Protein chains: 2
Amino acid sequence: MVSRLSALEEESIDYFVSFVQILGLPKSIGQIYGLFFVSSDPMAMDHVVGRLDISKGCASQGLATLKGFGAIIPVHMEGDRREHFEADFEVSKIVAHFFEETLEPRMAHGEERLNRMISISENGENPGENPIVTRLNALKKWQTRGKETIPLIKEFLKA
Amino acid sequence: MVSRLSALEEESIDYFVSFVQILGLPKSIGQIYGLFFVSSDPMAMDHVVGRLDISKGCASQGLATLKGFGAIIPVHMEGDRREHFEADFEVSKIVAHFFEETLEPRMAHGEERLNRMISISENGENPGENPIVTRLNALKKWQTRGKETIPLIKEFLKA
DNA sequence: CGGTTAGTTCAATTGATAATGAACAAATCT
DNA sequence: AGATTTGTTCATTATCAATTGAACTAACCG
């Protein structure tokens, strides 16, 4: 079943596809969340498959991911055994997930690497005037600053 | 010519590959910048091709991109007609470019779409109690907040 | 000038990632 | 119980962007 999407649904889907792609997430995640965001009623997987014309497998994985983010919430529908969902409208949850699962681990890994680079470079003579050590230390200061910024952004976007 | 990379160069390349990939840039951009970052001397394109074992075309495009970002600077070398470069160590330039060329245009586009969604939804009866209008307005507030955050982050990362 | 070197461009290839769809498991009917 | 519905998994396929490499232009050289 493929029923035509409303203008509102199309805009919402496009909006969230663009949104999740900035975070490096697959398009289908944005499509699904966009559909839920402007839906008046909870939907089950087969609704998603039908409206978006995507495969069952894709919808299953997308719903699982969004549920994991807390971006959609399971709701029980009386007299229907299919699992239904509705959007959690707190979009910041998706961003927070990106920060915690992607950005922060990468920064931590980057910090380790940077420390390794500094110790490799310092192993020479008079490290105080080694220009490479100087620039690595500047980079480290910058990276630390970036790391400190993330919690602030998270806090700012939350409320 | 493929000469072996030092441990420092490998760490630096990995560091910046991971870095640029968060911004959605190709790996080769990170490799090239990473190589320049820990280099003591300016390098021409054929050095880059040789050290990184990438194609001439890829190096040419990568260098052009990085030059466009202001992340590498052309330097003239006496008695050598090849164009040499050295890194500009202000890494924030690369991030600023991402903000200005990718994030800000997308946010502007998103804002338009959101306004369109709101006007579609308001076209019904008593918009004050339309739950979809309510959530779209909440999203708009959030998006505005995000937009206002970007200049702050840019400023913070600059110095 | 013709030969060589430096660098660009872009069509074709490759590689990485997401989506498909069929096989499967599990729950719910009659 | 068997039949049907619901949902998951994962190997295959499709998609899309990055890289290659060959053809090209332009600048320098002898």
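Because the structure is a prediction, the values reported are computed rather than measured. To find a chain, count down the sequence lines: A is the first, B the second, and so on, and within it residues start at 1.
- In 5' to 3' order, the nucleotides of DNA chain C bounding all contacts with chain A (an atom under 4.0 Å from a heavy atom) are dA18(C) to dT28(C).
- Atom-to-atom distance recorded for I132(B):CD1 and L136(B):CG is 7.5 Å, nearest 0.5 angstrom.
- Pairs passing the salt bridge (Lys or Arg N to Asp or Glu O under 4.0 Å) check and including a residue from residues 142-152 of chain A, sequence neighbours excluded, read E111(A)-K147(A).
- With rounding to the nearest 0.5 Å, the separation of CD1 in I73(A) from CZ in F36(A) is 11.0 Å.
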Per-nt protein contacts along nucleotides 3-12 of chain D (heavy atom under 4.0 Å; B base, S backbone sugar-phosphate only, - none) come out as --BSBBBB--
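- Residue pairs meeting the ring pair (Phe, Tyr, Trp, His ring centres under 6.0 Å) criterion with at least one partner in residues 96-119 of chain A, sequence neighbours excluded, are F69(A)-H97(A).
- Interatomic distance, CZ of R82(B) versus NE2 of H76(B), reported as 12.0 Å (0.5 Å rounding).
- For residues 14-23 of chain A, the set of pairs meeting the salt bridge (Lys or Arg N to Asp or Glu O under 4.0 Å) definition, not counting sequence neighbours, comprises D14(A)-R113(B).
- Residue I32(A) is tested with I54(A), V20(A), I72(A) for a side chain to side chain contact (heavy atoms under 4.5 Å, CB included); the sole match is I54(A).
- L5(B) has its side chain within reach of R51(B): a pair of non-hydrogen atoms, C-beta onward, lies under 4.5 Å apart.
- Considering only heavy atoms from C-beta on, L139(B) comes within 4.5 Å of F16(A) through its side chain.
- A distance of 10.5 Å separates CD of E11(B) from CD1 of I13(B), quoted to the nearest 0.5 Å.
- For the contact set between residues 15-32 of chain A and DNA chain C, defined by any heavy atom under 4.0 Å, the members are P26(A), K27(A), S28(A).
- As judged by a 4.0 angstrom heavy-atom cut-off over every strand, I54(A) is placed among residues touching the sugar-phosphate backbone only.
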